[in-house]
Amino acid sequence: MENWIGAGIWIVLGIIVGTVVCAVVKVPGAQPGNRLLAMVFGAFGAVVGGMLGVGIFEFGDERALSAGGMIGALALSILMSWTYRWGSKSVI
């Protein structure tokens with residue numbers, strides 16, 4: 001049950017990161033759906049990054065609520081959300 005809670009925390013963390021990245025990276029003439037898509041990319045990146053963080057840093061103790069999982073989730077969600085916003089900024 002603890003791993004499901006950890007995965008839920010990763011998803012919420014990714015949504016928060018996507019919202020913050022949308023507020024920080026301003027795109028002129030942004031469409032209304034960009035914030036939602038950045039939050040989805042952030043949540044997806046957080047889940048993948050959390051799994052990678054647990055697999056790489058916490059190999060012997062595979063709990064989702066570990067330091068490696070949280071650092072991985074935070075790092076990849078920031079990377080994916082920022083890459084989406086940066087990419088959409090250069091396309092427009």
Seminar exercise, completed: In this structure, CG of Asn34 is separated from CZ of Phe41 (nearest 0.5 Å) by 10.5 Å
Exercise. Knowing that exactly one of Val24, Thr19, Val17 qualifies, which makes a side-chain contact (heavy atoms from CB on, under 4.5 Å) with Val21?
Worked result: Val17
Exercise. Could you give the distance from CZ (Phe44) to CD1 (Ile15), rounded to the nearest 0.5 Å?
Worked result: 14.0 Å
For this session: May I ask whether Val40 and Tyr84 are part of the same hydrophobic cluster, defined by side-chain heavy atoms of I, L, V, M, F, W, Y residues being less than 4.5 angstrom apart, directly or through others?
Result: no
Problem set entry | Ile56 with Leu65, same ILVMFWY side-chain cluster at under 4.5 Å | no
For this session: Check the hydrophobic clustering (I, L, V, M, F, W, Y; side-chain heavy atoms under 4.5 Å; chains of links allowed) and say if Met51 and Phe57 are grouped together.
Result: no
Exercise. Quick one: CZ on Arg85 to CG on Leu37, what's the gap to the nearest 0.5 Å?
Worked result: 10.0 Å
Problem set entry | Pairwise side-chain contact, Ser66 with Val54, heavy-atom cut-off 4.5 Å (strictly under) | yes
Pairs of donor and acceptor atoms involving the side chains of residues 69-79, under 3.5 Å and at least two apart or interchain, shall be tabulated with distances.
| unit_1 | atom_1 | unit_2 | atom_2 | d |
| --- | --- | --- | --- | --- |
| Ser77 | OG | Ala73 | O | 2.9 |
| Ser77 | OG | Leu74 | O | 3.0 |

For this session: Might you point out which heavy atoms bring Gly42 and Ser81 nearest each other, and give the distance in Å?
Result: CA-OG, 3.2 Å
